[in-house]
Amino acid sequence: MSAKITIIGAGSVGATIAYTLSQDSIASELVLIDINKQKVEGEVMDIEQGTCFRNSIEIKNGDYADAEGSDIVIITSGIARKPGQTRLELTQTNVNILKSIAPEIVKAAPNALYVIVSNPVDVLTYVFTKISGLPENQIIGSGTLLDTARLRCGLAEKLNLAQRNVHAYVYGEHGDTSFVPWSVCRVAGSKINDHIEIMKNLGKEVSDVDFDELIEYVRKSGGKVIANKGATFYAIARSVVEICHLLLASSESTAMVSSMMHGEYGVEDVCLSTLTLIGPNGIGGKLPIKLTDEEIEKLHKSADALKAVIAQIEL
């Protein structure tokens, strides 16, 4: 595979994505773009010096023009969230940054698939969709893929089971109104409580799952990491690299990413995460799997919260 991937923003998240990609095999060329050219130079040198153990890869401290021919552009630019600050409080500042970036990068790489990572990711995915002039299928927000990873991690720990056996999802906003549709969650092919009963019958030490406690764990994980170490970047970087893998694959897969809603579950004109097909052509469509009435109501609540924020920003 010989993909060219451009990363805009060389802060903790952007640099960690670049490093993670440099240790992977999907890219043969990485371009890092940031207004702080000195920091990018240092990041490129540090990352490049750790690539002698893999096939050759070109890593460049670049400008927008260097993004020409990119297969994927990853946007991480923005002000980082501070301890105690919600993602939505970041909104207008990061919207303004995105508005300054969009025309420059789209001019250089009009055919790339764009992965929006900056927070609040759902709002910025919506803004980029509206202002970029690109077809919607080319625009993917990282959405609740990280939240879903956190959910599966927490649930696997509770069940003492490998994470790959857990099929559970976080829907809605990447933030406080996210929720888990437990009706569609499965563990090793069974509903969660059925799986717990099966494991107990096999003599395994498995405790019951407190669903409210688990969703609280998902919602609060990012804030706890920020409070403890100042920023989150490892897990989100791995999530974004997974999106890159899916976009460069030969066929479509499903993932919890954010994109424009067009009436699915009665929600439209907002970007949020539901189970989505993504692949070499970007967004392949939303999968409107059956949810309960209560779950659909929670999705509407999440959409309304995002729309309320969008209504207050300057596009």
Side-chain angles (χ1 to χ4, degrees), residues 81 84-92 94-95 116-130 136 139-152 154-155 167-186 191-192 209-224 226 236 239 254-277 283 285-313 315:
R81 187 157 61 116
Q85 184 182 39
T86 68
R87 294 180 182 90
L88 296 182
E89 288 171 348
L90 297 173
T91 305
Q92 189 63 58
N94 286 352
V95 165
I116 312 300
V117 183
S118 310
N119 275 320
V121 66
D122 300 294
V123 175
L124 295 185
T125 302
Y126 178 88
V127 170
F128 193 78
T129 301
K130 291 294 186 180
E136 288 183 7
I139 303 167
I140 304 99
S142 58
T144 60
L145 187 61
L146 173 57
D147 309 72
T148 296
R150 288 168 172 162
L151 171 65
R152 293 181 179 183
L155 195 50
H167 299 279
Y169 312 97
V170 178
Y171 271 55
E173 170 208 358
H174 174 55
D176 295 337
T177 63
S178 65
F179 70 98
V180 178
W182 297 110
S183 68
V184 300
C185 295
R186 297 291 184 271
K191 292 183 178 181
I192 294 173
V209 173
D210 184 326
F211 296 127
D212 291 335
E213 181 183 275
L214 201 54
I215 187 61
E216 194 68 9
Y217 163 81
V218 171
R219 288 176 179 169
K220 301 298 183 184
S221 285
K224 186 171 183 180
I226 290 169
I236 182 58
S239 299
T254 60
M256 296 305 300
V257 293
S258 184
S259 62
M260 189 68 75
M261 299 289 287
H262 290 287
E264 299 89 350
Y265 305 107
V267 176
E268 55 187 317
D269 196 36
V270 69
C271 291
L272 46 69
S273 293
T274 64
L275 196 59
T276 303
L277 280 172
I283 297 291
K286 298 282 191 178
L287 292 176
I289 59 176
K290 186 174 177 59
L291 301 179
T292 67
D293 290 343
E294 182 182 0
E295 289 163 353
I296 292 173
E297 185 178 335
K298 289 179 179 179
L299 188 66
H300 280 246
K301 180 181 177 182
S302 197
D304 289 343
L306 288 166
K307 287 182 177 182
V309 173
I310 290 169
Q312 298 175 48
I313 62 174
L315 276 176

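These values consider heavy atoms only, across backbone and side chains, with no hydrogens, waters or symmetry-generated copies. Along the sequence shown, residues are numbered consecutively beginning with 1.
Side-chain contact between C271 and T129 is present, with heavy atoms from C-beta onward closer than 4.5 Å. The shortest side-chain heavy-atom distance between V218 and T144 does not fall under the 4.5 Å cut-off. Side-chain contact between T254 and L277 is present, with at least one heavy-atom pair separated by less than 4.5 Å. Residues L315 and V127 meet the side-chain proximity criterion, which asks for heavy atoms closer than 4.5 Å.
Remark: E264 CD is packed, more than 12 non-hydrogen atoms of other residues, nucleotides or ligands lying under 6.0 Å away. No more than 12 heavy atoms of other residues, nucleotides or ligands shown are found within 6.0 angstrom of CD on E297.
Proximity of a side-chain donor or acceptor of T125 to a complementary backbone N or O of S259 within less than 3.5 Å is not detected. With hydrogens and angles disregarded, a donor-acceptor distance shorter than 3.5 Å links the side chain of R152 to the backbone of A168. Of the possible polar contacts, none joining the S178 side chain to the H174 backbone as a donor-acceptor pair under 3.5 Å is found.
Aromatic ring pairs are classed by plane angle as parallel below 30°, tilted from 30° to 60° and perpendicular above 60°; the pair W182 and F211 is tilted.
At a cut-off of 3.5 Å, with distance as the only test, a side-chain donor of S183 or E295 sits close to an acceptor on the other residue. In the model, D147 has no side-chain atom that pairs as donor or acceptor with a side-chain atom of Y169 under 3.5 Å.
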